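Counting convention: from 1, in listed order, for ligands and their atoms alike. These numbers were taken from a predicted model, which means no experiment stands behind them.
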Amino acid sequence: MSNYHIKHLEEYFQVYRKSIREPENFWEEVAEEHFLWRKKWDSVLDWDFAKPEVTWFKGAKLNITENCIDRHLATRANKTAILFEPNNPNEPSEKITYEQLYKRVNKFANVLKKQGIKKGDRVCIYLPMIPELAISVLACARIGAIHSVVFAGFSATALTTRINDCDCQMVITSDGSYRGAKTIDLKSIVDEALKSCPGVKTVLVAKRIHSKITMKTGRDYWLQPLLDEASSDCNAEIMDAEDPLFILYTSGSTGKPKGMVHTTAGYMVYTAYTFKNVFQYKESDVYWCTADVGWITGHSYIIYGPLANGATTLMFEGVPSYPDFGRFWEIVQKHKVTQFYTAPTAIRALAKEGVELIEKHDLSSLKVLGSVGEPINEEAWHWYNDNVGKKKSPIVDTWWQTETGGIMITPIPFVTPTKPTYATLPFIGIQPALMDENGQEIKGNQVEGRLCIKFPWPSIARTIWGNHERYRETYFSAYKNNYFTGDGALRDEVGYYRITGRVDDVIIVSGHNLGTAPIEDAINEHPAVAESAIVGFPHDIKGNALYGYVILKDVGETRNHDNLRKEINQIITEHIGPIAKLDKIQFTSGLPKTRSGKIMRRILRKIACKETANLGDTSTLLNPEVVNEIIENAL
Ligand code: 7RM
C-alpha cells in the first residue's frame with residue numbers, strides 16, 4: 001500500500017501508528033516509491049541524540065534537482081513549475097515550465113562552475129523574490145555547492161557576518177529590488193558588506209531595476225551575458241544522502257546567528273511528503289506561499305517541496321499593500337490559486353483593511369489556507385476562515401522551525417478537524433513530548449509544558465555550521481535524549497497541540513525571529529549608551545513589537561531623547577535590518593538585576609505589557625528601587 005497521500009482520518013491514525021512503530025520501514029517505503037536515487041541506502045536511520053548525531057539514508061546517492069526537475073520532464077515538460085508575479089501588477093507575470101527551468105538551472109550551474117565553484121563550496125545568495133533566486137538555489141544544488149540564502153531585507157553588517165561565518169566564495173545579488181512603491185539598492189549593500197569579506201572572489205549581478213551601479217573589475221559580473229554563453233546541459237553532481245544542501249541562518253537568544261545545516265536526502269523526502277499531504281496538492285493546482293525564499297518556509301515550501309512533487313509554485317515579488325491591500329486577492333483571482341499559505345502578521349494587516357477588498361475579487365479557486373510563523377490568534381483565525389476561506393477551505397496552522405526543515409505539527413486538510421489557534425496533531429513520523437521544569441515528560445491530556453521532539457525525523461538540521469557543540473548545547477542539553485524546540489505548548493483533552501510561544505529570549509516580530517542579544521549589542525554600540533535590555537510586548541499587527549530599556553552613559557544627558565531614539569533605531573537598522581527596530585525606547589537610570597548580575601527580563605516584560613499589578617517575586621533583586629522608577633516612566 002502506498003502511504004504517500006493521506007485522505008481520511010482513520011488513514012492518518014493508521015499511517016501515524018506505523019510511522020512511530022516502524023519508522024525505518026515507513027520512511028524507506030516513502031523514499032523508495034517516490035524519488036529518483038542514483039544508489040539506494042545501506043541503512044535508513046542511525047541516530048544518537050546524546051552526541052548528537054542523526055543520519056538518514058546512509059550511503060544513498062542522489063541529486064535533489066534531478067528529483068525536482070529532470071524526472072518531471074517526461075510527463076510535465078510544459079507544465080508551469082514557477083509562476084512569477086512581479087511587484088508591479090502592470091508588468092506581465094512569467095510562466096517558467098519544467099523544461100525551461102531545466103535549461104535555466106543548467107545554464108546557471110555552468111556559470112557557477114566556470115567561476116570556479118565546486119561541490120562543497122559555499123555560495124551566498126542575496127536576491128529579491130525574482131526567478132533568479134529560485135534558479136540560483138537550484139543551480140547550487142545541481143553542482144553540489146552549498147547555498148546560503150540571506151534575506152534581502154538584512155543590512156550590510158548582517159550580510160557580512162553571514163558571509164564570513166561560512167566562508168562564502170561568491171555572492172549572487174541584483175542591481176536592486178522593487179518593494180511596493182520603493183526601490184532598494186541591493187548592490188550597494190553588498191558592496192558595503194564585502195569591504196569586510198576577504199573570502200569573496202566573485203559577485204554575480206542580476207539586472208532587475210536597471211539602476212546605475214558600480215561594478216568592481218575582476219570581482220563583479222553581470223549575470224545575463226554569462227548565462228547567454230553557457231550550455232543548457234549540466235550533469236547533476238551525484239551527492240551523498242548526508243552531503244550538506246544548504247545553510248540557513250536563524251537568530252538565537254544569544255551570540256551570533258546560527259547557520260543551520262540541512263542535508264540532502266532526508267530533507268528532500270520530508271519536505272516533499274509534507275507538501276503533498278499538508279496542502280493536499282493535486283496535479284492541476286496552483287500553489288502559493290507568500291513567504292520570502294530568504295526564510296526556511298521559502299526554501300521548503302516555495303522551492304523544494306513543491307518542485308519535488310511536480311507542482312506549480314507561485315513566487316510573488318511584491319508586498320501585500322501594493323498597489324493596495326487587495327493585491328493578494330487580485331493574484332489569487334488572476335492565477336486561480338488553490339492553496340494559499342501565509343503568516344498571521346499578514347492576515348492581521350489585511351483584516352485591518354476590512355472585507356471590501358476581498359469582496360471585489362473571486363476567491364472561489366481556493367481550497368486550502370495555511371498559516372505559519374507564529375501563533376495565530378483567535379480573531380485572525382476566524383477572519384481568515386470566514387472571509388478568505390468562506391468557511392469552506394480548512395486552515396492548516398503549521399508549526400515548525402528553521403531547524404526542523406519541514407512542517408511538524410499541523411492539521412491535514414479535509415482529514416483533521418481544525419480548531420482555532422491549534423496546530424492540532426503531529427504530522428506522520430513526529431513524536432512530540434511536553435516537559436516540566438524538572439525535565440520530566442508530562443503525559444496525558446489537558447497539560448502544558450515545554451515542547452520537545454523525542455525521535456528524529458528526516459529533515460532535522462544536522463548541525464550548526466562550524467559549531468557542533470553549540471548545536472548540542474542549544475537543542476539537546478535541556479532535556480536528555482530529546483530535541484528541545486524553545487517553544488511552550490499545551491495539549492488539550494483530545495490530544496491537539498496549541499503552541500503558546502517562545503520560552504527563551506527570542507521574540508517573533510511580524511513572523512521574524514529576533515534574538516534580544518544581537519539587538520542589545522547593536523544598541524550598545526551607540527556612544528551615548530551604557531547598557532540596554534529588549535523585551536517584547538503585544539502588537540495588533542506584528543504579533544509582538546520591541547520595547548527597549550536604555551541606560552545612558554551620562555545620566556544627565558541633555559540631548560533630545562527623540563533624536564537619540566532615532567539614532568538607536570538607525571544603528572539597529574545598520575546592524576540587523578529595519579525589522580529589528582524598536583517601537584518604544586525608554587531611558588532609565590538602571591535595570592532590575594539579580595545578585596548574579598542577570599537582568600530580570602520577566603519584570604521588564606511585565607512593565608512593557610502594562611501588567612504591573614503583580615510583578616512576581618522581586619526579592620532576589622539587587623536594586624529593587626529601580627523598578628518603581630521604570631514603572632513611573634513606562635511608555
Ligand atoms: C517556519 C518558521 C520558528 C518559530 C517556532 C515558533 C514559531 C512557527 C508557528 C509558530 C505557533 C505556528 N520557522 N512558529 N510556526 N508558533 N504556531 N504555526 O517559522 O525558524 O522562522 O521560526 O516560529 O515559535 O519556534 S522559524
Side-chain angles (χ1 to χ4, degrees), residues 149-151 153-154 246-253 257-262 267 270-271 274-275 278 289-305 341-348 369-378 380-381 384 395-411 416 418-427 430 432 448 450-453 459-461 464 474-475 478 483-491 496-515 536 542-544 579-580:
V149 180
V150 176
F151 172 59
F154 274 120
F246 65 85
I247 300 167
L248 185 61
Y249 286 88
T250 184
S251 25
S253 47
K258 298 172 288 196
M260 303 314 305
V261 178
H262 281 284
Y267 176 82
Y270 195 76
T271 54
T274 46
F275 174 77
V278 174
C289 166
T290 70
D292 192 289
V293 169
W295 311 114
I296 190 69
T297 307
H299 283 61
S300 302
Y301 299 110
I302 294 179
I303 300 181
Y304 290 114
Y341 190 27
T342 196
T345 183
I347 298 167
R348 289 188 295 264
L369 304 179
S371 172
V372 61
E374 60 184 305
I376 178 165
N377 51 307
E378 183 121 23
W381 195 97
Y384 198 27
I395 296 176
V396 289
D397 177 0
T398 63
W399 173 84
W400 58 296
Q401 308 178 294
T402 305
E403 296 86 338
T404 70
I407 294 169
M408 302 287 281
I409 303 183
T410 180
T416 320
T418 59
K419 175 175 176 181
T421 75
Y422 280 74
T424 78
L425 296 173
F427 189 74
I430 303 306
E448 185 166 359
R450 300 188 163 204
L451 179 62
C452 287
I453 313 289
S459 64
I460 184 175
I464 293 173
T474 309
Y475 305 106
Y483 165 83
F484 175 46
T485 64
D487 284 323
L490 58 84
R491 191 162 52 221
Y496 274 17
Y497 289 86
R498 175 186 184 166
I499 314 303
T500 47
R502 301 292 309 184
V503 295
D504 56 11
D505 287 328
V506 172
I507 306 170
I508 305 190
V509 178
S510 298
H512 303 308
N513 292 3
L514 300 171
K542 301 194 236 184
N544 294 297
I579 50 180

Against ligand 1, does G373 come closer than 4.0 Å with any heavy atom? yes
How about Y249 and F154: are their ring centres within less than 6.0 Å of each other? no
Do W400 and Y270 have ring centres separated by under 6.0 Å? no
Does any donor atom in the side chain of Y341 or T297 lie under 3.5 Å from an acceptor atom in the other side chain? no
Could you tell me if T271 and S300 have a donor-acceptor pair between their side chains, going purely by distance under 3.5 Å? no
Nearest-contact summary for [atom] - protein heavy atom, Å:
atom: atom 22 (O) of ligand 1; result: N513 ND2, 3.1 Å
atom: atom 25 (O) of ligand 1; result: D487 OD2, 2.6 Å
atom: atom 20 (O) of ligand 1; result: T402 OG1, 2.6 Å
atom: atom 4 (C) of ligand 1; result: I508 CD1, 3.9 Å
atom: atom 12 (C) of ligand 1; result: E374 O, 3.5 Å
atom: atom 1 (C) of ligand 1; result: W400 CE2, 3.4 Å

What part of [X] sits under 4.0 Å from ligand 1 if we count only heavy atoms: the side chain, the backbone, both or neither?
X: T398; value: backbone
X: Q401; value: both
X: H512; value: neither

With D292 via salt bridge (charged side-chain N to carboxylate O under 4.0 Å, His left out) - residues at least two apart: none
I'd like to check F427 versus M408 (side-chain heavy atoms, cut-off strictly below 4.5 Å). Are they in contact? no
Side-chain contact test, heavy atoms from C-beta onward, threshold under 4.5 Å: evaluate it for W295 versus N513 and give yes or no. no
Can D397 and W381 be said to form a side chain to side chain donor-acceptor pair (under 3.5 Å), step by step? CA-CA 9 Å; D397 177 0; W381 195 97; 5.6 Å; no
May I ask you to list the atoms of ligand 1 that are less than 4.0 angstrom from any heavy atom of [X]?
X: V372; result: 1 (C)
X: I296; result: 1 (C), 13 (N)
X: P375; result: 11 (C), 16 (N), 17 (N)
X: D397; result: 12 (C), 17 (N), 18 (N)
X: T297; result: 1 (C)

Can you tell me how the ring of Y267 sits relative to the ring of F246, calling it parallel under 30°, perpendicular over 60° and tilted otherwise? perpendicular
Please step through side chain to side chain donor-acceptor pair (under 3.5 Å) for the pair Y483 and T404, ending with a clear verdict. CA-CA 10 Å; Y483 165 83; T404 70; over 6 Å; no
